[in-house]
Amino acid sequence: MDPTVRRTPATVSWQGRDTKIYNYDKPFDSSRVVYLLDTLTATLRFGGQGIAKVARGSPIKKSGHPEVYKRAFAMGILRGDDSYMDVLIEILLRLLQSEPVAPLLPMIGPANSRIQTLSIDLLQTVIARGDMNIEVLESIESVVVAKAFASIHTGRLDLQPKLLHILHSVILASSTIPQARQGKSKADATLAVAALDPSVTGGSAVLDDTAAKKLPTSTLNPLLGQTLIDGISETTNRPILQHWLDFILTTVPQFSQSLQHLSYPLSECICRQLNLALASLGQVASGEATSDSQTTPIMTDAEFVMLLHALERLVLQGLSKGDMSSTDVADEMMPMTAVDKESSGLLGLVSNVFHVDGGSAFPVDSLSARSSAYRCLHDAVQVLYAVWVASDWTPPPDAGPKEDTIALIYSRARQRCRRALERLFRAQSSEVMETLIECWFEGNRLKGETTNAPFELVDLLTSSAQTAVHMICESITMRSTPASEKTRKMAVNPNVTDHVLFLFLEDYLGKLEGPIATQVWGRFISLAKDIAGNVYTYKMQVFPTLRCLTTLAEIVTQTTAADDKKIRKDLQETYGKLVDTCILIAGGSFEQGNWIKIPGVNKEVNGRLTPIPRAPSDSALAEKRLTLTISEENNKAVWGVELIDRIEEYFVSKGIPNFRRFLADTDRIGAISTNLAYYVVAPAMKSRSGAALEVEDIILDIIKEMSKIQAATRAWRAPVQEAFNDTRFFNCTPEVAMKWRPIISALMDADKTVFSDLLSKIASAPSANIFTNREYEMLVKSLNLRRLSFVVLAGGQNKFLTQLPSIQEKLVDVLKSSPAPIVQSEVYLCMRVLLCRLSAHNLASFWPIILTELFRVVEHVFTETPADGTDDLALLLSACKFLDLLL
C-alpha cells in the first residue's frame, strides 16, 4: 500500500481472451517488499491458526493507524467491514497481477518474480491456516487461473508449478465448504466447457477479479478449462508437463459435477497431442524431417508415457462418473453387464464359457453412443491404436543414435499403450472392440493398408479366440435384430455397421489355426443357424454369414473335427440354406429389371456378323446395373447394388469349388446347382437382346466352375447348349470366345451325343419344302460348320482324333455338293482348326479334295474377279488364310 508504488490497470489479450493486469509505472524499492513478504510469511507460519483467526476477526476500520485504512481505501481493495485478512489477500492478489512495463523490466523484473513467488507462498499459507468463505476463494481462483493462463503464453515456467499448487488448494478448500460445489449440474459444466470456445464466451470479456466472480450456484472459472488445455498443448510447457498432468489427475476426479466435465475436452486435447507427436516422430523416423524444417521438438519417451497415463485415467474417470446419457435419440443402445453378455445370443444357446475378461466395471445405464464419455473412449482407443501401429517400427541396418532414440520412444510408448488398452477393455470391452474394428476398416479396407495390428490387439485383449468371436457375434446380433425384438441395450458405434463387423470377422476367422477354429465353431454356427433359419428377417446378413461360414469351414474341414457327425450335419444344413438363399437373392434381381438393354444396336441378326473389337471405353462394354431400391429397413446393406455382383463373385471363387467339400451328398449338390442355373445362369443368358449374345464374364466363370462338378452337369448343360446353338453366339468378342472354350469342351465331354448331332446337321439333305429359303439354309449350314470348328478348337491336342473320319466325311460331302461361298469359307476355317489341333500326318487323306477345291477357287478368280463385299471375296480370303497356314 506504499504510495510510492504506482500501478495502472491494463488489459492484455492471449488467444482472443482478455485478462486484466496492473503495470508498474515507475521503479520502487522491491527489496523492501520482498523483505516484508518474507517476514509476514514466517510470522503466519509460526503463529499458525491463532494469528490467522485474529487477522480474520479484526476489522481494519478499528485499526490504530488511520493511514492504513486510507491507503487501503485509495487502492480500491477495501469493501465495507473487511478484516486485516481480507485486505492482505487483496494486496497479495494485486501483487500477483502486477508486472513492470517493458522499460522497467530489466530493472525490477527479477525482483518482481521473487515478489510474486512470495505472494503465492503467503496465499498458500493463508488458505491452509484458516476457514475462508466461498467468495474469497473464488476471487483467488479467478486471479490464479488468469495468471496461470498468462504465464503459459509468456513462458513463465517458474511460477506455473506454484500456481497449480495454490489452485489445487483453493479448489480443495472450496469443496469443504457446505453446498459450495454441490448442485453444479449441467449448467455449471456447460459454462466450463463452453469457455473453451471463444465464439461462445465472446472472447472479449475482461476476466478480472470482480467480473470473474459468479453466483454461488456456479463456482467453476470459465477460463480454467482453456488454461489446462494450453498448459498441456504448448510446447514451451514441455519441461513442466508432469506438473500439469499431476494437477489434472489429482484435482479433476475429485468433483463429479463441476470439474468432471473438464475430463472430456482434456482427453481430446491429449489425443491431439499424441497424434501430433506421432506425426512428428514418424517424419523423423522416415527421414522426411530435417533440422531446418523441424519446428516442433520431438516428444520424449517420458512425455509419451505421461500423456498415455493421463489419457487412460481421464477416460476411465469419465466413464465412471460422467453424465453419459444421450437425449438426442430415445432408443440409444446401452452396455450389457457381464452376466448379460454371458447368457446372450440370438436364441440364448451360448453358454457362459465366452465370458469377457473383466466384464464391465461401470453401471449398465452409464454409456450411450452420443455421450461425451463414449466419444472420449472412442477417440482414446483410436489414438492408442495409432500409437500401437506406429510403434511397430524396425530401425534400419545402419541405425545410429537418432534411430536408437526413436526405437526407445516407440518401445516405451508401446508398453504403456498396451496397459492402457487392457484397462479400457476391462472397463468397456464391447465399445473398445468395436472401435478397434472401426480402425481396421478405415485402415485396411478404405486406405489399403496392410497391417495385422487389429488382430494382434484383439488376441492381446481377449483371453481366447472364443471370446473375440462371441463379442463380434453379439455386436452383429444387436445391429441386425429388429428393434421390437431387442431385449438388451448396449452402446452401438454408429460408424461400425453389421457389414463392417462381418468383414472383420471373416478376416479374423481366416487367420485362425485349425484347433482354434474348431473351438470357435460352436459359437459361430449358432449365429449362422439363427440367420439361416429366419432369412426374411436377416436377408442382408445372409451373404456375409455365408462368406464367414465358408472361411471357417475351409479350416475346420482340414482337421479331424470334420469327422464329427454333428459338425458335418450342421455344416451341410446351414451351408445349404445360406447358399439357396443367396441364389434367390441374386436371381430375384432379374425380375426387378436389373439389366439395361444396349441401345442403338443392329436388330437384324444373322449370326455371322463378327463385331469389330471395341475399346474399353465403349459404352456397350461399360454397361452398368440399375440402382436397386433398398427400403429404410434394409439400409444396413452397405453394398447396395454391388450385392448381386459380390454373390456371383463368391460362387466363382469359393462357393462352387467348395460344394464337394462341404456337401458330401451328390443329390444336394445337384439340387443347389440346379437352383443356381435356374435363378442366376439361365436368366442372364436369356435376358439380352441385340446383335451379340453378350453374357457377363462372371456368368461364364460360374458355368466354368460348375462344369468341374460331375453332379452339376444336368444343371448347366441345357442353358449352355441353348446358347451355343444361338445364332448370335459367334458375334461376341475374341476375349469372350476364349472364356467359352473350356465350357464347350466340358459340354462335349459331358454329353457325347452333342457332337454327333452337330455332325449330322452339317451334311443334312436340302429341305424338300418349296417355301424354304435357300440362302437361309446355307447360312444355317455355315453356322454349324463354324460350331464344329469351335468345338475342335476348344478341345485339346488330338482330342478328336477318333472322330476325324466322321469329320472328314462330312467336310467332303459339303464340298462335293457345290455349296455357296459362305459354306466353303467355313470349310477352310475348319481345316485351319484341324491343322492346329491334329498332327499333320493324320490329315493326309484330306489333301486330294482340298487341293482340287483350292485350284478351282484360284482359277475362278482369274476368270472373274469378285466384287467388293461379296461372298466370293470372303471365300478367297478364307482360302488364302488356309494356304498361309500350310506354308
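The shown structure was predicted, so the numbers you read here are calculated from the model rather than taken from an experiment.
Evaluation of the side-chain hydrogen bond (donor to acceptor under 3.5 Å, both in side chains) test over residues 651-665, restricted to residues two or more places apart or in two chains, returns Glu554-Asn658. Residue pairs meeting the side-chain hydrogen bond (donor to acceptor under 3.5 Å, both in side chains) criterion with at least one member in residues 791-801, sequence neighbours excluded: Ser745-Lys799, Asp749-Lys799.
Within 6.0 Å of CD on Gln710 lie no more than 12 heavy atoms contributed by other residues, nucleotides or ligands. A 6.0 Å sphere centred on CZ of Arg856 holds more than 12 heavy atoms belonging to other residues, nucleotides or ligands.
Remark: side-chain polar atoms of Asp884 are not paired, donor with acceptor, to backbone N or O of Cys880 under 3.5 angstrom. The main-chain N or O of Val556 is found under 3.5 Å from a side-chain atom of Thr559 such that the two form a donor-acceptor pair. Between the side chain of Thr551 and the main chain of Arg547, a donor-acceptor pair closer than 3.5 Å is present. With hydrogens and angles disregarded, a donor-acceptor distance shorter than 3.5 Å links the side chain of Ser760 to the backbone of Asp757.
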Before giving the answer on side-chain contact (heavy atoms from CB on, under 4.5 Å), spell out for Met685 and Glu722 the whole-Å C-alpha distance, their side-chain angles and the decisive distance to 0.1 Å. CA-CA 9 Å; Met685 302 178 73; Glu722 182 180 353; over 6 Å; no

Assess whether side-chain contact (heavy atoms from CB on, under 4.5 Å) is satisfied between Leu501 and Ile437, documenting all intermediate values. CA-CA 7 Å; Leu501 291 170; Ile437 294 175; 3.5 Å; yes

Given Ile525 and Trp521, is the side-chain contact (heavy atoms from CB on, under 4.5 Å) satisfied, shown in steps? CA-CA 6 Å; Ile525 200 64; Trp521 172 264; 3.7 Å; yes

Going through the distances and angles, do Phe724 and Ile744 end up as a side-chain contact (heavy atoms from CB on, under 4.5 Å)? CA-CA 8 Å; Phe724 188 52; Ile744 298 302; 3.7 Å; yes

Start with the C-alpha gap between Arg668 and Asp580, add the side-chain angles, then the distance that decides, and say whether salt bridge (Lys or Arg N to Asp or Glu O under 4.0 Å) holds. CA-CA 11 Å; Arg668 184 60 173 155; Asp580 284 336; 3.1 Å; yes

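At least one side-chain heavy atom of Leu509 sits under 4.5 Å from a side-chain heavy atom of Val469. A heavy-atom distance below 4.5 Å is not found between the side chains of Val791 and Val754. Between Leu643 and Met540, the closest side-chain pair of non-hydrogen atoms falls below 4.5 Å. The side-chain heavy atoms of Ile644 and Glu648, taken from C-beta on, include a pair separated by under 4.5 Å. In this structure, the side chains of Leu811 and Cys830 come closer than 4.5 Å at one or more pairs of heavy atoms. In this structure, the side chains of Leu747 and Trp716 come closer than 4.5 Å at one or more pairs of heavy atoms. Side-chain atoms of Val736 and Val695, non-hydrogen and from C-beta on, never get closer than 4.5 Å to each other. Side-chain contact between Asn784 and Leu759 is absent, with no heavy-atom pair separated by less than 4.5 Å.
For Ala750 against Arg717, the heavy-atom pair with the smallest separation is O-NH1, 4.2 Å. When all heavy atoms of Ile555 and Ala517 are compared, the closest pair comes out as CG2-CB, 3.7 Å. Leu829 approaches Ser789 most closely through the heavy-atom pair C-OG, 4.1 Å. Of all non-hydrogen atoms in Ile672 and Ile583, the two that sit nearest each other are O-CD1, 3.7 Å. Heavy atoms only, all atoms of each residue included: Arg837 and Val792 are closest at CG-O, 3.3 Å. Residues Phe651 and Cys582 approach most closely at CZ-CB, 4.3 Å, considering heavy atoms.
The line from CD1 of Ile762 to CG of Leu788 is 4.0 Å long, rounded to the nearest 0.5 Å. Summarising the geometry, atom CD belonging to Gln541 is positioned 9.5 Å from atom CG belonging to Leu527; distances are rounded to the nearest 0.5 Å. Of the inter-residue distances, the one linking Leu676 atom CG with Leu584 atom CG reads 11.0 Å to the nearest 0.5 angstrom. How far CG of Asp507 is from CZ of Phe441: 11.5 Å, rounded to the nearest 0.5 Å. How far CD1 of Ile822 is from CG of Leu783: 8.0 Å, rounded to the nearest 0.5 Å. Rounding to the nearest 0.5 Å gives a distance of 10.0 Å between CD1 of Ile743 and CD of Glu705.
For Lys529, the salt bridge (charged side-chain N to carboxylate O under 4.0 Å, His left out) criterion is met by Asp570, not counting sequence neighbours. Residues passing the ring-ring contact (aromatic ring centres under 6.0 Å, His included) test with Phe504, sequence neighbours excluded: Trp440, Phe455. The ring-ring contact (aromatic ring centres under 6.0 Å, His included) search around Phe502 returns none, not counting sequence neighbours. The salt bridge (charged side-chain N to carboxylate O under 4.0 Å, His left out) test applied to Lys739 returns Asp701, not counting sequence neighbours.
Thr545 and Tyr538 form no side-chain donor-acceptor contact under 3.5 Å, judged by distance and modelled atom types alone.
Classified by interplanar angle (parallel below 30°, tilted 30° to 60°, perpendicular above 60°), the ring pair Tyr650/Phe543 is perpendicular.
A distance below 6.0 Å separates the ring centres of Trp740 and Phe729.
Of the residues Arg787, Arg786, Lys810, the one that meets the salt bridge (charged side-chain N to carboxylate O under 4.0 Å, His left out) test with Glu826 is Arg786.
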